[in-house]
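Proteins come first, then strands; the chains are lettered A, B, ... in the order of their sequence lines, and each starts at number 1. Values below: all heavy atoms of this structure, side chains included; hydrogens, waters and symmetry mates excluded.
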Number of protein chains: 2
Amino acid sequence: MPFGHCLFAEHLASCLALTPGDCKLLEDAASRNVKSLGPRRDLVVEGDPPDSVKVVLEGWVARYKQLRDGRRQILSLLIPGDISDSNVFVLDRMDHSLGSLTPVRYAEIGQAEYEALTSASPRIAKALWWSELVEVSIQREWTTNIGQRNAYERLAHLLCEIFWRAQERGLAYDDSCDCPLTQTDLADATGLTPVHVNRTLQHLRGDGLVELRARRLKIVDPKGLQAAGMFTPGYLHNAAPPIAA
Amino acid sequence: MPFGHCLFAEHLASCLALTPGDCKLLEDAASRNVKSLGPRRDLVVEGDPPDSVKVVLEGWVARYKQLRDGRRQILSLLIPGDISDSNVFVLDRMDHSLGSLTPVRYAEIGQAEYEALTSASPRIAKALWWSELVEVSIQREWTTNIGQRNAYERLAHLLCEIFWRAQERGLAYDDSCDCPLTQTDLADATGLTPVHVNRTLQHLRGDGLVELRARRLKIVDPKGLQAAGMFTPGYLHNAAPPIAA
DNA sequence: CGAAGGATTGATTAGTCTCAACGCAAGTGG
DNA sequence: CCACTTGCGTTGAGACTAATCAATCCTTCG
C-alpha cells in the first residue's frame with residue numbers, strides 16, 4: 001500500500017472534516033504525477049517560475065534560502081504527508097528553494113489540477129488554506145526561535161518540533177523518530193555554526209534530555225526538553241496527543 | 001477622502017488584475033467596521049479565537065510573539081494598506097498578537113463578509129491568496145535575516161524593506177519615510193539588544209548609508225544600504241519601481 | 001518644573017564563531 | 001581485501017560579536 005498517499009489525505013482529514021470522497025480526490029491528485037529524487041538534490045530552486053504544488057510522500061525535504069556568499073538558512077522541514085506552498089501559482093517566481101534531505105518520493109500537482117481540487121469541494125479548499133496557515137504559523141515560531149532563544153533553547157525547541165510532528169504523522173516509535181538532519185543542517189536551521197551545534201547537543205545529552213545518533217532522535221526526557229525549549233505546541237494547530245510523559 | 005481605504009484596494013489591484021467592481025467591493029468591506037486605537041495597544045492577543053481579518057487603514061501595526069519571560073519577537077510590520085492573515089477563521093486560536101506602534105485606524109472583516117468577498121469574485125479570492133503568500137515570503141526573509149546576517153547587515157536589510165514597502169504604497173517622500181519604531185522595537189524585530197541596535201545604527205550613519213531621527217528614516221545611500229543588507233526585493237513580489245538611485 | 005520614555009555612552013562579560021586538526025565509519029576502486 | 005577517499009562528528013585554542021549592567025543625557029509633555 002502506498003503509505004505516503006494516505007498520510008497526506010489523512011493528515012488534512014484529521015484536523016478538518018473531510019468526507020471519504022474528499023479524501024479520494026486528494027489521494028488521486030497526489031498519485032497522478034509522482035517523482036523520485038536522491039538525497040541532497042533540489043526539487044525547486046529560487047527564481048524558478050512556480051509550476052506545481054508539491055506533496056511529500058516519502059522522505060524529508062528542507063525549504064531553504066541561500067545567500068550569495070554561500071550562507072544557507074533552512075526555513076522549514078517537510079515530512080511525509082506535508083504539502084508545500086498551496087497555490088504558489090499566484091506568484092511569479094519562487095523566493096526560496098526546496099531540497100531533499102533523504103531520498104524522496106513526492107507528487108506534483110499542477111495548477112489546473114489544483115484548481116479542480118479546490119472547486120470540487122469547499123472542504124478541500126478550506127483544508128488547503130488551513131495547511132498554508134499552519135505553515136506560516138510554524139515559520140513565525142522559527143523566527144521567534146532564532147531571534148530570541150539561545151543555542152541550547154533553540155535546539156531543544158527544534159528537536160521538540162521534529163518529534164512532535166513526526167509523532168502526529170505516526171512516524172514516531174515510542175520515544176524516538178527519524179531525524180535525517182546532519183549537524184550542519186541543524187546549524188543552518190537554527191542560525192548557529194556546526195561546531196556550536198555539536199557542543200550544544202552534547203550539553204543536551206549531558207543533561208539527559210535527548211540522544212541523537214545515526215540519524216535517529218530519541219527523546220529521553222520529554223518534559224525536560226519541552227521546558228528547555230519553551231516548547232508549546234499550540235502553533236502547530238493540530239489535535240494530536242501530547243508527547244507521552 | 002479616506003486615504004487608507006483606497007490604499008488597500010489599490011495595492012491589491014496594482015499587482016493583480018482587479019476590475020473597478022472588485023475594488024469597490026474591497027473598499028466597501030474595509031469601510032464597514034472601522035476601529036481606532038491609540039499607540040502601543042493590542043488589536044489581538046495570542047490565544048484569542050480569530051474573529052476577523054484586519055485591514056490597516058492608517059498607522060503602523062506590529063505582529064509579535066511574547067515568551068513567558070518577557071522576551072518579545074516582532075514578526076512583521078503592517079503598514080497602511082496591508083491586510084493581516086487572510087482567512088484566519090480556519091484556525092482555532094491566534095498563535096501571535098497584533099499591537100499598534102502608532103495610533104491606528106483599521107477595518108475588521110468578519111468571516112461571513114470575508115466569504116462573501118471571495119465568492120463574489122475569483123479575482124478577489126486570488127488577490128487575497130496573493131497577499132497571504134507575500135506575507136509568508138516576507139516572514140521567510142526575516143527568518144533568514146535573523147538567522148544568517150550580523151547586526152549591521154540585519155538592520156540595513158530591515159531598513160531597506162521598510163523604505164521599499166513604504167515607497168510602494170506612496171508613503172515615502174523622495175528619500176525618506178516614516179519609521180515609527182523605537183530602537184527597542186528595532187531590537188525586537190532583529191533579535192538584538194537595544195544597546196547594540198543603537199551602536200549599529202551609529203555605524204550605519206557613520207558609513208553614510210542612512211539617517212534615523214525623530215521617527216523619520218532617510219536613505220542617504222540607497223545602493224550602499226542595499227549592498228550592506230544584501231537586500232534584493234524579489235521576495236516582496238511586487239512590481240514597484242526600484243529604489244531611486 | 002518634574003516626570004517619563006527614549007537615546008547614548010562606558011566598562012565588562014558571556015556566548016558564539018573561527019580556524020584548524022583529528023577521528024571514525026562507510027563506500028569505492030584497484 | 002586493503003588503501004584511499006569522503007562525509008560527518010568531535011575537540012581545542014583563541015578572537016570577536018553582541019549581551020549585560022549601569023549611568024547619563026535629551027526631549028517631550030503634563
Q) Between C:dA7 atom C1' and B:E211 atom CD, what is the distance in whole Å? A) 16 Å

**Q.** Nearest-neighbour nucleotide for the A:V195 side chain, D:dG12, C:dC17, D:dT20 considered
**A.** D:dG12

Q: Check every atom of D:dC8, D:dT20, D:dT11 against the side chain of A:T182 and return the nucleotide holding the closest atom.
A: D:dC8

Q) Is A:R216 atom CZ crowded by more than 12 heavy atoms from other residues, nucleotides or ligands, each under 6.0 Å away? A) yes

(Q) What is the distance, to the nearest angstrom, from the NE2 atom on A:H196 to the P atom on D:dC16? (A) 18 Å

Q | Between D:dA19 (P) and B:D188 (CG): distance, integer Å | A | 11 Å

Q. Can you check the B:L181 CG to C:dA7 P distance for me, whole Å?
A. 10 Å

**Q.** Under-4.0 Å side-chain N/O to phosphate OP1/OP2 contact, B:Q202 with C:dT9
**A.** yes

Q) Nearest-Å distance, CD (B:Q183) to C1' (C:dT9)? A) 12 Å

**Q.** Length of the CD-C1' vector between A:Q148 and D:dA19, whole Å
**A.** 13 Å

Q: Decide, yes or no, whether a salt bridge links A:E46 with A:K65 under the criterion of side-chain N to carboxylate O below 4.0 Å.
A: no

Q. How long is the line joining CG of B:L212 and C1' of C:dA7, in whole Å?
A. 11 Å

**Q.** Salt bridge A:E58-A:R169, side-chain N to carboxylate O under 4.0 Å
**A.** no

Q: Specify whether B:F231 and B:H157 have parallel, tilted or perpendicular ring planes, treating 30° as the upper limit for parallel and 60° as the lower limit for perpendicular.
A: perpendicular

(Q) OP1 or OP2 of D:dG9 versus the side-chain N and O atoms of A:N198: is any pair under 4.0 Å? (A) no

Q) So does B:R199 reach the base of C:dG10 with its side chain, donor to acceptor, closer than 3.5 Å? A) yes

(Q) Taking only side-chain N and O atoms of B:R215, does any of them lie within less than 4.0 angstrom of OP1 or OP2 on C:dA7? (A) yes

Q: Send over the distance from B:L155 CG to C:dA7 P, rounded to a whole Å.
A: 13 Å

Q) Within the side chain of B:Q148, is there an N or O that forms a donor-acceptor pair under 3.5 Å with the backbone of A:R72? A) yes

